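Fair warning: this is a prediction, and the values are worked out from it, not measured in the lab.
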Amino acid sequence: MAAELVKQGEIHPLGIVIDPNMPAFPPRSMMLQIVQPNQQYGRKLDQDFGWPMVYNDDVAQLWLGIGPQLDGLGHLGEGDVFYNCNHGSDFAAVAGLRKMGIHGVPPLVGRGVLIDMAEHFGVETMAAGQGITLDDIKAAAQAQGVEIREGDVVLFHTGWTDAKLESDPATWVSGEPGVTNEAAVYLASLNVMAVGADTWGVEAVPPVAGDKVFYGHVTFLKDNGIYILETMNTGRLAAEGVTEFMFVLGQARLKGAVQMMINPVALW
């Protein structure tokens, strides 16, 4: 079904460019250094390789949950309990997760659907703390001709990152529009493969009245085994009216990792 959606030969990166200086959910950060190994003090590599080779390498100290990212099932739980009744005290070791590490996530290939919530609300950019309810999702999907099916990757466009990340990074990271707790339960009931948005946390921050902050993560990850895709680059899809596409993701398989920076591809 996903492959049949590729008709125009268009491709689009769903990961935004990661800037070492971009804000992130605290205390996450990253530092990037470009080095020239064994070339310090003017040392040449001719003697090592027989020709005047020069090269750069990169060294990074970073949290993997920065920018466009995949949240694995070992990321978030409730009261020490994670997905499939696993207790964090049993599998979350300092040297890496013993279960549910990001290396075990299979390639995610399927039908992607985009729901343009900014269009639904008649704005360029939704506001921080503005909730996307169950009824909002149903109404927007119907108006935009989107049908959410089992196994889909569902992405929401709010306009938040396009509008705020560069122009007002402090505001971007301090809040966001997103799904409500009830909406997360509804999406999970459809048995989708992953849920994402063009925001750093997918859910409304601050939460709408009566909601628990980030509790949709519990619904998706702990209760249903549904992956979360954060800070997705949805602007072009929304601008061009692309509502369904083939979604392809093969993340770096770092053994024991909780999250991973990603760049999924949309094809249509």
Grab the two heavy atoms, one from Glu176 and one from Val202, that are nearest each other, plus how far apart they are.
OE2-N, 3.5 Å
Derivation and outcome, side chain to side chain contact (heavy atoms under 4.5 Å, CB included), residues Phe156 and Val195:
CA-CA 8 Å; Phe156 294 101; Val195 175; 4.1 Å; yes
Applying salt bridge (charged side-chain N to carboxylate O under 4.0 Å, His left out), can you list everything that pairs with Arg43, at least two apart in sequence or on another chain?
Asp48
Between CE on residue Met117 and CD on residue Gln144, distance to nearest 0.5 Å
7.5 Å
pair Val205-Thr199: side-chain heavy atoms closer than 4.5 Å:
no
Kindly indicate, with the supporting measurements, whether the criterion salt bridge (Lys or Arg N to Asp or Glu O under 4.0 Å) is fulfilled by Arg236 and Glu10.
CA-CA 11 Å; Arg236 179 188 173 194; Glu10 295 287 341; 2.8 Å; yes
Are there more than 12 heavy atoms of other residues, nucleotides or ligands under 6.0 Å from atom CD of Glu166?
no
For the atom pair CE (Met100) and NE2 (His75), what is the distance rounded to the nearest 0.5 Å?
12.0 Å
Hydrophobic cluster membership, with links at side-chain heavy-atom distances under 4.5 Å among I/L/V/M/F/W/Y: are Met31 and Val59 in one?
no
Excluding sequence neighbours, so at least two apart, what forms side-chain contact (heavy atoms from CB on, under 4.5 Å) with His87?
Asp80, Val81, Ser89, Asp90
Heavy-atom distance under 4.5 Å between the side chains of Met30 and Ile18, does that happen here?
yes
Identify the two heavy atoms, one from Ala204 and one from Gly131, that lie closest to each other, and give their separation to 0.1 Å.
CB-CA, 4.2 Å
For the residue pair Pro27 and Trp63, establish whether any side-chain heavy-atom pair is separated by less than 4.5 Å.
yes
Evaluate Leu237 against His157 for side chain to side chain contact (heavy atoms under 4.5 Å, CB included), listing each step before the verdict.
CA-CA 9 Å; Leu237 301 181; His157 176 74; over 6 Å; no
Pro13 backbone acceptor or donor facing Asn233 side chain under 3.5 Å
yes
Minimum heavy-atom distance Tyr83-Asn224, with the two atoms named:
CE1-C, 4.0 Å
If you count every heavy atom of other residues, nucleotides or ligands that lies below 6.0 Å from Glu124 atom CD, does the total exceed 12?
no
Begin with the C-alpha distance, continue with both residues' side-chain angles, and end with the deciding distance and a verdict on side chain to side chain contact (heavy atoms under 4.5 Å, CB included) for Leu73 and Asn86.
CA-CA 10 Å; Leu73 302 184; Asn86 285 289; over 6 Å; no
How far apart are the C-alpha atoms of Leu76 and Phe220, what are their side-chain angles, what is the distance that settles it, and do they pass the side chain to side chain contact (heavy atoms under 4.5 Å, CB included) test?
CA-CA 10 Å; Leu76 189 143; Phe220 293 137; over 6 Å; no
Should Met1 and Ile115 be regarded as members of a common hydrophobic cluster, given that ILVMFWY residues are connected when their side-chain heavy atoms come within less than 4.5 Å of each other, either directly or indirectly?
no
Any Val242 side-chain heavy atom under 4.5 Å of Leu114 side chain:
no
Under the criterion side chain to side chain contact (heavy atoms under 4.5 Å, CB included), which of Ile262, Val258, Leu254 is the partner of Leu64?
Leu254
Is a donor on one side and an acceptor on the other found under 3.5 Å between the side chain of Asp19 and the backbone of Asn21?
yes
Expected output: side-chain His103 to main-chain Gly256 donor-acceptor under 3.5 Å:
yes
Same apolar cluster (I L V M F W Y, side chains within < 4.5 Å links), Val185/Leu187
no
Heavy-atom distance under 4.5 Å between the side chains of Thr219 and Tyr186, does that happen here?
no
Heavy atoms of Val208 and Gly129 approach each other most closely as CG1-O, 3.8 Å
Hey, what do you get for CD (Glu230) to CD (Glu203), rounding to the nearest 0.5 Å?
8.5 Å
From Ile102 atom CD1 to Met260 atom CE, the distance as rounded to the nearest 0.5 Å
6.5 Å
Examine Phe25 and Leu229 and state if one hydrophobic cluster contains both, with Ile, Leu, Val, Met, Phe, Trp and Tyr joined whenever side-chain heavy atoms are less than 4.5 Å apart.
yes
Measure the spacing between CG of Leu70 and CD1 of Ile228 and express it to the nearest 0.5 Å.
9.5 Å
Counting neighbours of CE on Met53 that are heavy atoms of other residues, nucleotides or ligands and sit closer than 6.0 Å, is the number greater than 12?
yes
Report yes if the side chains of Ile132 and His120 come closer than 4.5 Å at any heavy-atom pair, otherwise no.
no
Hydrophobic clusters join Ile, Leu, Val, Met, Phe, Trp and Tyr when side-chain heavy atoms are under 4.5 Å apart, directly or via other members; which others share one with Leu267?
Val6, Ile11, Val109, Met246, Val248, Val265
Is the CD atom of Gln40 crowded by more than 12 outside heavy atoms at less than 6.0 Å?
yes
Is Val54 close to Leu45 at the side-chain level, that is, under 4.5 Å between some pair of heavy atoms?
no
For Val105, is there any backbone N or O sitting under 3.5 Å from a side-chain donor or acceptor partner on Gln251?
yes
Closer than 3.5 angstrom, by distance alone: can the side chain of Glu244 be matched with the main-chain N or O of Leu5 as a donor-acceptor pair?
no
Point-to-point distance, once rounded to the nearest 0.5 Å, from CH2 of Trp200 to CH2 of Trp172:
8.0 Å
How about Tyr55 and Phe49: are their ring centres within less than 6.0 Å of each other?
no
Indicate the ring-plane relationship of Phe245 and Phe247, choosing parallel, tilted or perpendicular according to the 30° and 60° boundaries.
tilted
For a quick test of reading the model, state the closest non-hydrogen atom pair linking Pro23 to Leu165 and the distance between them.
CD-CD1, 4.0 Å
Please check this pair: side chain of Gln39 against backbone of Pro37, looking for a donor-acceptor N/O pair closer than 3.5 Å.
yes
For residues Leu221 and Ile226, determine if any side-chain heavy atom of one lies less than 4.5 Å from a side-chain heavy atom of the other.
no
Would the distance check show the side chain of Asp198 and the main-chain N or O of Gly235 forming a donor-acceptor pair, the cut-off being under 3.5 Å?
no
Least distance between heavy atoms, Glu78 atom then Lys222 atom
N-CD, 3.9 Å
